[in-house]
Amino acid sequence: MKISGVDVEFLKQKYNTPLYIYDEEHIIKNMNGYLNNFKSNKFNTEVLYASKAFCVKEMIRLVKQAGMSLDVVSLGELKTALAVDFDMSKVYFHGNNKSVEEITCALENNVGTIVVDNYMELVTLENLCQKFQKKCNILIRLNVGVEAHTHKFIVTAHVDSKFGVLYESIEYNNMMDLIRNSNYINFKGFHSHIGSQIFDLQAFSAALEKLINICKNFSQPLILNIGGGFGVKYVDEDKPIPFDVVSKTLIDECEKSLEKNNIQIEKLCIEPGRSIVAEAGYTLYTIGGIKKTPNKLYYFIDGGMTDNIRPALYQAKYNADIIGKEDMLKSQIVTVAGKCCESGDIIIENIPLPKAIKGDLLITHTTGAYGYSMSSNYNKALTPAVVFVNDGKDKLVCRRQTIDELLEREL
Ligand code: LLP
């Protein structure tokens, strides 16, 4: 099997396994899919990459080259952007519990917009703005109460969500009072994010409609950011909506709703993460053991929940192939299990695969989002290397962690 002209067996020889492989061209195509279609002649538009999905310097360089903006949620993601000289005016800083250190770093580096989650955070921001004599653009994260049909752990907009504030709640009104009296805080609009891996665009339309209704109460045109969450194809049952359709539908809905309500907005933003990187990513493993139990056939791989926690955490489904046997009869029903000391360390349950032998390579598809970024060192597993491939060339963008690196922090 080749990815963008590069043989994966060659990648195994060169970088070993487990290995995260990204098709660079695919990432670029995805970014352009949004950038070219999320446009309106009625208001400005902005597409942000939600870096939590996959954040390494080379990825953020691609985002920069494409001309996209960036969503960061932590000092680490912010510093990654700084490390590649990202235009800070295009950075949106999210998070429900930003520390003084994080806000200070954002102010010092003139981050374009801080998305404020709650009143207490706004007070901290106001105090730090005063201290550093800096002004700051903000969006308020609103909980619009729209619940998208997705896994309950990744729905973020139900009424008791830890994210955002309810419109006209006491928390919200306190924020607006502070803004009115502030010489530093420049209120620009609202943000909402209704969940992740969503296939139903009506959920976004409902959220947008709520935001636009709220905009009617403001005299100035506001910025609306409707978050990310666009679904991708992990397995055949998943039917993602193409980028151009997502983009054009949202723009269309927004234009119609603005016209109906006879108001204007300054800008509409979206911030996809998963849909930019998921399908461009693969994880390559070596099968180290095969075991039959009364009811199961296990293929044991040399990674697992430490490089992909999603099956254990969300019962996420994946597709896989055995390298060199892609066209062979899938005669076995297999459970692909990782090597962690944990029964739940199962990457794929009951997948039809060809007969494999020890040493075969197994590749999982669509692992580009929230795999590397949610990886862990459980059982002192080492974070795998990340390699980008493009048009027959491979490029190491993050080397494999070493045992020494793991141990050197421990006193
Ligand atoms: N914007 C905000 C404010 C978000 O909270 C998120 C994701 C995104 C954008 C990007 O959403 P995306 O387009 O990637 O769906 N770890 C989970 C996903 C958590 C998503 C958290 N927020 C998973 O692996 O499925």
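Counting convention: from 1, in listed order, for ligands and their atoms alike.
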Cut-off 3.5 Å, side chains only: do [X] and [Y] have a donor facing an acceptor?
{"X": "Y299", "Y": "D360", "answer": "no"}
{"X": "T45", "Y": "S40", "answer": "no"}
{"X": "K210", "Y": "N213", "answer": "no"}

What atoms of ligand 1 come within less than 4.0 Å of a heavy atom belonging to [X]?
{"X": "R310", "value": "23 (C), 24 (O), 25 (O)"}
{"X": "H191", "value": "3 (C)"}
{"X": "M374", "value": "16 (N), 24 (O)"}
{"X": "G229", "value": "11 (O), 12 (P), 13 (O), 15 (O)"}
{"X": "A50", "value": "8 (C), 9 (C), 10 (C)"}
{"X": "R141", "value": "3 (C)"}

For this session: Indicate yes or no: at least one non-hydrogen side-chain atom of T283 is less than 4.5 angstrom from one of D307.
Result: yes

Exercise. Do T249 and F204 have side-chain heavy atoms sitting under 4.5 Å apart?
Worked result: no

For this session: Using the six-membered ring wherever Trp is involved, compare the ring planes of Y167 and F190 and label them parallel, tilted or perpendicular (cut-offs 30° and 60°).
Result: perpendicular

Seminar exercise, completed: For K395, the side-chain contact (heavy atoms from CB on, under 4.5 Å) test, sequence neighbours excluded, returns E24, E58, F388, V397

For ligand 1, the portion of [X] having any non-hydrogen atom under 4.0 Å away:
{"X": "S196", "value": "both"}
{"X": "Y314", "value": "side chain"}
{"X": "E271", "value": "both"}
{"X": "V115", "value": "neither"}

For this session: Please state whether P272 comes within less than 4.0 angstrom of ligand 1, counting heavy atoms only.
Result: yes

For this session: Could you establish whether A369 and ligand 1 come within less than 4.0 Å of each other, counting only heavy atoms on the residue side?
Result: no

Problem set entry | Spacing of I323 atom CD1 and T286 atom OG1 [to the nearest 0.5 Å] | 10.5 Å

Seminar exercise, completed: Applied to residues 111-124, the side chain to side chain donor-acceptor pair (under 3.5 Å) test, sequence neighbours excluded, yields K98-E121

Exercise. N/O to N/O below 3.5 Å, does that happen between G273 and ligand 1?
Worked result: yes

